[in-house]
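Order of the sequence lines sets the chain letters (A, B, ...), proteins ahead of strands, with each chain counted from 1.
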2 protein chains.
Amino acid sequence: MNALLTSSQRQLVRVISESGPLSRTEMANLLGLSKAAMSGIARDLIDLGVLHETETVYGQGRPSVRLDLHPECAFFVGISLLEDPAPMILCDLNGKIIARQSMPLSRDPQVIAEAITEGLPRLLETHPSAKEKLSGIGVALSGFVDETQSNCVQSTLLNWQDVPLAKIIRERTGVETFIENDAKAVAVSEKLFGSAREIQSFSVVSLGDGIGCAHFIDGKLYRGNHGGAGEIAHCTIEPGGSPCRCGKRGCLDTASSMKAIKEMSRAEGLECVSLSDIENEASTGNAAAIRILHRAGSGLGLAIANLIQINDPGLILITHVEGSFDGLFGTVVNQAIETNVLPRYAGQTPIRIKRVDGDVWARGAASIAAHNFLIGPNSN
Amino acid sequence: MNALLTSSQRQLVRVISESGPLSRTEMANLLGLSKAAMSGIARDLIDLGVLHETETVYGQGRPSVRLDLHPECAFFVGISLLEDPAPMILCDLNGKIIARQSMPLSRDPQVIAEAITEGLPRLLETHPSAKEKLSGIGVALSGFVDETQSNCVQSTLLNWQDVPLAKIIRERTGVETFIENDAKAVAVSEKLFGSAREIQSFSVVSLGDGIGCAHFIDGKLYRGNHGGAGEIAHCTIEPGGSPCRCGKRGCLDTASSMKAIKEMSRAEGLECVSLSDIENEASTGNAAAIRILHRAGSGLGLAIANLIQINDPGLILITHVEGSFDGLFGTVVNQAIETNVLPRYAGQTPIRIKRVDGDVWARGAASIAAHNFLIGPNSN
DNA sequence: ACACTAAGTTCAGAAAATGAACAAATCAAC
DNA sequence: GTTGATTTGTTCATTTTCTGAACTTAGTGT
């Protein structure tokens, strides 16, 4: 079905997905087409069930009718291979999660494909038209993925090397499948479903056990030459600092990831199991807790400041699963950003904090499928 | 003339400018067009004098004829406002410099426009058809330029704030004019004329009195949200280090720019006027010289390593005007890059060093004009 | 009720691309 | 040398896609 869309139709779909509902005339102007051409394209897409008319906007002259993507014109499945059991969700074109379940995690691609195939029917029966309108499966994993979003070039976590996971799943399930790095998937979901829809260039920093990062540049996910763009976790932030499992020293990961923060607290003898615990300790004046949060916060802030200096993004979106950014940690991060960007820049780059739930990765995965459906692999 | 090219014609011109001479069939495949369509487009461009046939390649079957851009189908003027007197060059579509002269530098845009208007005729009379085929003027300056490449948003060096320089020059001379930040202009000239032609994503680090940097991402110059992408000079590289004229501390600029290196040597009582002098001192065992080069080199290396981690470019091109990269400085830079990138990355990102002459900035400026001629502002 | 305004449609015609047949230029081989 | 295989590049009728201009539609303002 996707392949049936013409180049102009896809462009239109893309514009609406970025800007939200638009009138035909607005769309014509945005795409640089005539009203006549627009009329036909819109009619075809409405007939196909991709678009539908929404509100009518009254002004001077004939009122305009806004067109929007029909949320239920396509459904996507997203699977996160970052947790065990692996979450598996079904969502629509708006990123709304319709059903949720899980499957056992495995390191064997065949077993994964099998588990997905088994789980699919149960997921799809939650919505009457999901089965026939299932348009893709997306898989998020920790590791490097090639530019076709089909092969996992390398994953330490899964112990993979050149695994054509997407192809295996595609063949087993018969559904179009794409895989992507976890942080990049989150960035895509923020662009497609989230708070960065209308922003052309932005970076997402996802803070969890590890630290992930991905860039959208000029409206496109930038994957980097080896798929490694955004590997901010292994930027040297404390020259000569503690050794990192990657083999070098002073990586951001050793100072600012949740895992590092917890390890540092344990080493200091603090009985903390979450960021909130440490924040609490710090607020009561515990010197070790304060020191740890300071170190972690200023490290992350410096890394983000470097990112801003290097790429001048239109937005930094920090997503975090645990704790909050209202405490010492968040304050230090913000301070460190401010003191390390060119003073004239300071405050010029919006920093948005977003607490995300356990569905981030699965939703991110689904967004990869949705992105390929909406915009396609070759972004002409 | 530029505006007369259709979208397909421009795409074709772009592909040839990236890949060099190609046969019609190859071009058809690259653009995803039929041979029939290609035939017509090529004929039109040959008639327009933009393309011409070059070598014939023999294989099996009918030999193919390669088409290339006609170097003398368009001429460009490039002016660098980074030096006094300001160099002014005339070059063709290959970036070959045909004539060279200079004009007095001024901070008054009107005076600059006047000086250009005065200088133009002399520059153009050096080539019979330059005058009629002059297709644009490019100006390189130190500062921030808006996305239309028309207004200088801010320049400390020239003490400007929102100066519509391109418009002023355009109106005075009647020639299409674009301005650009110095480092970004160099990146464009490397993409268009230089050693990064076929590379889609790369970064140029230009080492001179200051340190500039610019990124090409997916075949396009990435300017950043405020035109500030690549402001690597003010990345914090030595947290809590020496104060920088920008207002913060420990900027790369304070440790690794030629200006900083020279200042440090002066402070250490070394009688050095150039990088080579300091390298010489270092090679005879002078501890201060060695210390300075180490500091500068490891700073630059760390910054580049961060850039690699963040953006994973396909190439880092370091351009330098002075000295050489064969000595201690270059060695330290390379070492610092290696030790600060993810070990699995090490050596994966090609680092190319290029010594450039005094024409870099003016040639870069001309390339901005050429880029707008070839690819156009709206890169559809 | 009347003009006025702007959205969206229709339709003939222009522009751009395609597919299939064909002409052209070479190599390979007998 | 002539013949066949092979691949480039052209031609042309046809299809697809877009445009411009006229027109219809659905409101607002007076």
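Under the side-chain hydrogen bond (donor to acceptor under 3.5 Å, both in side chains) criterion, A/Asp92 pairs with no residue, sequence neighbours left out. B/Thr54 is linked by a side chain to side chain contact (heavy atoms under 4.5 Å, CB included) to B/Pro21, B/His52, B/Arg66, B/Asp68, counting only residues two or more places apart in sequence or in another chain.
Of the candidate nucleotides D/dC18, D/dG9, C/dG8, D/dG9 has the atom lying nearest to any side-chain atom of B/Arg24.
With 3.5 Å as the limit, one finds a donor-acceptor pair spanning the side chains of A/Glu72 and A/His127. In this model, a donor atom of one side chain and an acceptor atom of the other lie less than 3.5 Å apart for B/Ser23 and B/Glu26. In this model, no donor atom of one side chain and acceptor atom of the other lie less than 3.5 Å apart for A/Glu176 and A/Asn372.
Dashed line: the shortest gap from a side-chain N or O of A/Arg43 to OP1 or OP2 of C/dG8 is not under 4.0 Å.
Between B/Lys354 and B/Glu190, at least one side-chain N (NZ, or NE/NH1/NH2) sits under 4.0 Å from a carboxylate O, which counts as a salt bridge.
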Short N/O separations, protein against nucleotides 12-16 of chain C, under 3.5 angstrom:
none

Set out, line by line, the N/O atom pairs under 3.5 Å between protein and nucleotides 24-30 of chain D.
residue: D/dT25; atom: O2; partner: A/Arg62; partner atom: NH1; Å: 3.3
residue: D/dA26; atom: N3; partner: A/Arg62; partner atom: N; Å: 3.4

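Within a heavy-atom distance below 4.0 Å of DNA chain C, no residue of residues 15-23 of chain B is found. The stretch residues 32-39 of chain B touches DNA chain C through B/Gly32, B/Leu33, B/Ser34, B/Ala36, B/Ala37, each having a heavy atom under 4.0 angstrom from the strand.
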